[in-house]
2 protein chains.
Amino acid sequence: MRARTRASNRRRRAGSNAIALSDVARAAGVSTASVSRALNTPELVSEDVRAAVQAAVTRLGYIRHSAARALASRRSMTIGAVVPTIVNSIFSAGVEAIERRLEEAGYALLIATSDYSLERELRQVRILLERGVDGVILVGRYHRPELAQMLHERAVPYVCQGAYAADGPPCVGFDNHAAMASMAEYVLGLGHRRIAMLAGIAADNDRVIDRIAGARAALNRAGLDFVPGGLVEARYDVAEARLAMKRLLALRPRPTAVLCVNDVLALGALFEARAEGVAVPAELSITGFDDFDFARNVEPPLTTLRVPTAEMGRGAAEQLLQRLMGQSPPHARLVPTMIIPRGTTGPAPAG
Amino acid sequence: MRARTRASNRRRRAGSNAIALSDVARAAGVSTASVSRALNTPELVSEDVRAAVQAAVTRLGYIRHSAARALASRRSMTIGAVVPTIVNSIFSAGVEAIERRLEEAGYALLIATSDYSLERELRQVRILLERGVDGVILVGRYHRPELAQMLHERAVPYVCQGAYAADGPPCVGFDNHAAMASMAEYVLGLGHRRIAMLAGIAADNDRVIDRIAGARAALNRAGLDFVPGGLVEARYDVAEARLAMKRLLALRPRPTAVLCVNDVLALGALFEARAEGVAVPAELSITGFDDFDFARNVEPPLTTLRVPTAEMGRGAAEQLLQRLMGQSPPHARLVPTMIIPRGTTGPAPAG
DNA sequence: TTGTAGGCGTTATCAC
DNA sequence: GTGATAACGCCTACAA
């Protein structure tokens, strides 16, 4: 019965009809170790072996089994990212940049959404850890304390994106407080004194909290504050933004400027103002935050603050990769932002 | 030397300081098999074992090792999705819906982008296969032939999303040809005769090709065609759309209606028309496709065709999950679309 | 440079 | 219901 070949023997088992590395080894007439080396560290094998393995691989259509690789090498070559949502183009652009960079380095991206909930973020990280990710990318400064602990216990490096903090965990981002403060100052410089703010839901969201605080700080320095009732929150959704904006437009005296926490809200504000017949920027100035695709193309084009989303995503991926390679990149990286004055802001109306 | 405990013994090795299932077994005073069962098929173990294992798991902070599970069970509990890009909210909303459904079922989502290239899509699928995904979700009807072959060889099920075809591989989508034809008919019904089309890049893109063909077929049935020079392509980007729209607006006689292949292009067209002082819809009607967030909120609100993006995503995930569970869901599922008449369309101007 | 062989952490097949 | 134990497919000292 020695006619029973290894192939048939293999096929007998478990229903695995896939080509394994051992099949390649046999076909190439070398050991499995050599195949592994030819594939992973080709510079360590002779030209002959490399060629034979290469030929066998293509002839057999061999595809590596990454679970087995992960188990043996103790690295999954997978990175996990948890973002609030990918439907907001700010995050999706960041994720796409991350994916691109990781792909170049041979890593895959496991994606999860937190829905702006720190609780959910924690759960997602746990799942990612089960999946054996080699690193994690998060958004923002606020996280459940258990999160850092879990990551630390497993020695899984992580990078936070979108908010700069010199002291916290590694990050790539900017100072939300300062950025929004500068926008407030810009509007103050235009002569506005009755200023309101259209914010996102602040709960659990450090970016929103920092931006609100930044704007308020700038106003305070000028001896002002938001107009009474002039700080409203809305979900990141044009319809919600319009509703919230309606409340701001109903204030008397009406604010002459509305600072929005992001561009989606700003467009909602702009649409609502137009629907209500309020002239922008003659009667009312509106500012956005992010500078996404539509910002420069609406009428009038939106004054906003440019955030280098893709650069942050790529930078976060880069930093993680470097850590994974045993390097020690700068702990925190600050990316630049810039106010882009366009058509939705103008001098405060007289009176 | 028998004082050398298993723990220290374990710690000695390979740097793996993670808690393993065997540690849980020891702590709970049961076999590894029982732990595995208590975790995966709790109904097969006694109440005592279940409780002991549960306690040990939480006490030790045990996290399962999915690579090992994948290797042993031959299932990675991971699904791969390849989409053109996630920056377009149509796709990101679909991906988010997919992720949600998969999460409920305990699957993780590996994401990859094709950048609208079938070549790249094929490469990405190969990578996903290396990753051992249990299933794949794709977009559209057009794919490299090698793709189906690879998937078939490995017996990995897949579902295509966003385009309905009764005969091709399993899919969840709608008939792009018919949908765009209905939109063309709607515009014809408004009395328009000089009609143009702002399309996406058609190469490799069945959705775009079908939509163009659908519109043309409807026009043909009315004895018409696009106005000469009235079919232009643009990347899905507001700025590009405006450029393309500029060419359309320069045609003489000017078209009275422009059918856009999606909402992003339609907004670009709308912005450009407004910038050029062309009244919408009095002088020019514009239609979109998708009904994304901004569509109903711009001024005037965009007439478009609603596509149930999230439903398609969820449906695709659902179909894949059913296949994975050995069921045989309907091979192709048609989701409904609907024309949403809003403010950018009106009767053809006289003359 | 190449091969041998042990082990990575689970699951699944057997007996009991 | 429970426990041994052999895979699962690959990597990586270690030896040659």
Side-chain angles (χ1 to χ4, degrees), chain A residues 6-7 9-26 28-53 57 60 62-77 129-132 134 154, chain B residues 6 9-53 57 60 62-77 129-132 134 154:
Chain A
R6 270 86 145 231
N9 191 27
R10 175 168 51 66
R11 197 151 295 137
R12 249 186 53 244
R13 293 203 199 92
S16 171
N17 51 4
I19 310 299
L21 184 141
S22 55
D23 296 315
V24 176
R26 200 173 308 119
V30 299
S31 71
T32 58
S34 286
V35 176
S36 178
R37 281 190 285 255
L39 260 25
N40 300 316
T41 50
E43 66 278 12
L44 294 186
V45 300
S46 67
E47 180 57 43
D48 291 354
V49 170
R50 212 178 310 158
V53 168
V57 163
L60 268 42
Y62 170 65
I63 293 187
R64 303 177 343 174
H65 191 300
S66 64
R69 296 194 0 143
L71 187 57
S73 68
R74 315 180 134 284
R75 300 183 311 151
S76 67
M77 296 300 282
L129 251 22
E130 277 199 359
R131 294 285 169 178
D134 295 333
R154 301 231 134 202
Chain B
R6 271 86 147 230
N9 190 28
R10 175 168 51 68
R11 196 151 297 133
R12 250 186 51 244
R13 293 202 199 94
S16 172
N17 50 4
I19 310 297
L21 182 140
S22 55
D23 297 315
V24 176
R26 201 173 308 120
V30 299
S31 70
T32 58
S34 286
V35 176
S36 179
R37 280 190 286 255
L39 261 25
N40 299 315
T41 49
E43 67 276 13
L44 293 187
V45 300
S46 67
E47 181 56 42
D48 292 354
V49 170
R50 212 179 309 159
V53 168
V57 163
L60 268 42
Y62 170 66
I63 293 188
R64 295 156 21 152
H65 193 300
S66 64
R69 300 185 68 196
L71 186 57
S73 68
R74 316 180 134 283
R75 298 184 312 151
S76 67
M77 295 301 281
L129 250 22
E130 278 198 359
R131 294 285 169 178
D134 295 333
R154 301 232 134 202

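So that the names make sense, note that chain A is the first sequence line, chain B the second, and so on, each numbered from 1. From a predicted model like this one, the values you see are computed outputs, not experimental measurements.
Between the CZ atom of A:Arg74 and the P atom of C:dG7 there is a distance of 13 Å, rounded to whole Å.
With sequence neighbours excluded, the residues forming a side chain to side chain contact (heavy atoms under 4.5 Å, CB included) with A:Ala52 are A:Ala28, listed by chain and number. Partners of B:Ala72 under the side chain to side chain contact (heavy atoms under 4.5 Å, CB included) rule, at least two apart in sequence or in another chain, do not exist in this structure. Applying the salt bridge (charged side-chain N to carboxylate O under 4.0 Å, His left out) rule to B:Glu47 yields the partners B:Arg50; only residues at least two apart in sequence or on another chain are considered.
Summary of helix geometry: the two end axes of the helix from C:dT1-D:dA16 to C:dC16-D:dG1, each defined by five base pairs via their C1' atoms, are inclined to each other by 30° (rounded to 10°).
A:Leu129 contributes atom CG, which lies 14.0 Å from atom CZ of B:Arg64 (distance to the nearest 0.5 angstrom). With rounding to the nearest 0.5 Å, the separation of NE2 in A:His65 from CZ in B:Arg74 is 6.5 Å. Atoms CZ and OG, on A:Arg131 and B:Ser76 in that order, are 7.0 Å from each other to the nearest 0.5 Å. Taking OG of A:Ser66 as the start and CG of A:Leu71 as the end, the distance is 11.0 Å to the nearest 0.5 Å.
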Atom pairs and distances, side-chain donor-acceptor, residues 32-39 of chain B, under 3.5 Å, sequence neighbours left out:
| unit_1 | atom_1 | unit_2 | atom_2 | d |
| --- | --- | --- | --- | --- |
| B:Ser34 | OG | B:Ser31 | OG | 3.4 |
| B:Ser36 | OG | B:Asn40 | ND2 | 3.3 |

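B:Ser31 has no side-chain polar atom (N or O) that falls below the 4.0 Å cut-off from OP1 or OP2 of D:dA4.
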Encode nucleotides 10-16 of chain C as B, S and - characters from 5' to 3', where the letter depends on protein heavy atoms closer than 4.0 Å: B to the base, S only to sugar-phosphate, - to neither. BSB----

